[in-house]
Trainee: 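This is the structure I have questions about; it appears just below.
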Amino acid sequence: MSMAAFLFEALIGVLLVGAAVMCWRVDRRLKALRDGQDGLKETVSALNDAVDRARAGLAALDRASKETGEVLEHRTREARALADELRLLTSAGETRLDRFERARRPQAASELPRERTAEPREREHLKTLR
């Protein structure tokens, strides 16, 4: 065997050892990637579960806010009706107080305050509230 053939075979041997080392390193990295992929699958599955729970929670929150809004709207309507009725009753009470005060102390007709009568719209509103 000539020296050139020996050098050529030695070079091939060194290259084969280098290729074996590289294959071993690639195999280790692929194994780590496969192991990481299993962890990634678990992470994605847990994330999907969390997203589903969040969607269910948002739907429940939406339903609760709609129900609360309806209750609040109903109570607001009732409060407005009671406030209107209270305003009419207060006005009627003030009118009666004025009449009572006028009856207790006689005054000249020109000094008497004008009696406030409920407007027709207020009377109708009071009738509907009763």
Trainee: Please output the side-chain donor-acceptor pairs of residues 11-28 that fall under 3.5 Å, not counting sequence neighbours, one pair per line with the distance.
Mentor:
none

Trainee: Identify every side-chain donor-acceptor pair in residues 54-75 under 3.5 Å, counting partners at least two apart or on other chains, and give the distances.
Mentor:
unit_1 : atom_1 : unit_2 : atom_2 : d
S65    : OG     : L61    : O      : 3.3
S65    : OG     : D62    : O      : 2.8
T68    : OG1    : A64    : O      : 2.8
H74    : NE2    : E78    : OE2    : 2.7

Trainee: Any side-chain heavy atom of L82 sitting closer than 4.5 Å to one from L86?
Mentor: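 Answer no - side chains too far apart.
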Trainee: What is the distance from atom CG of L40 to atom CG of D35, rounded to the nearest 0.5 Å?
Mentor: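 The CG atom of L40 sits 12.5 Å away from the CG atom of D35.
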Trainee: Using side-chain contact (heavy atoms from CB on, under 4.5 Å) as the criterion, point out the one residue from N48, L47, T43, D49 that pairs with S45.
Mentor: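 Among N48, L47, T43, D49, the one that satisfies the side-chain contact (heavy atoms from CB on, under 4.5 Å) with S45 is D49.
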Trainee: To the nearest 0.5 angstrom, please state how far the NZ atom of K31 sits from the CG atom of L33.
Mentor: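 Between atom NZ of K31 and atom CG of L33 there are 13.0 Å.
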Trainee: Heavy-atom distance under 4.5 Å between the side chains of K41 and V44, does that happen here?
Mentor: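 They are not in contact (no side-chain heavy atoms under 4.5 Å apart), so the answer is no.
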Trainee: Are E101 and L97 side-chain neighbours, meaning at least one heavy-atom pair lies under 4.5 Å?
Mentor: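 Yes, their side chains come closer than 4.5 Å.
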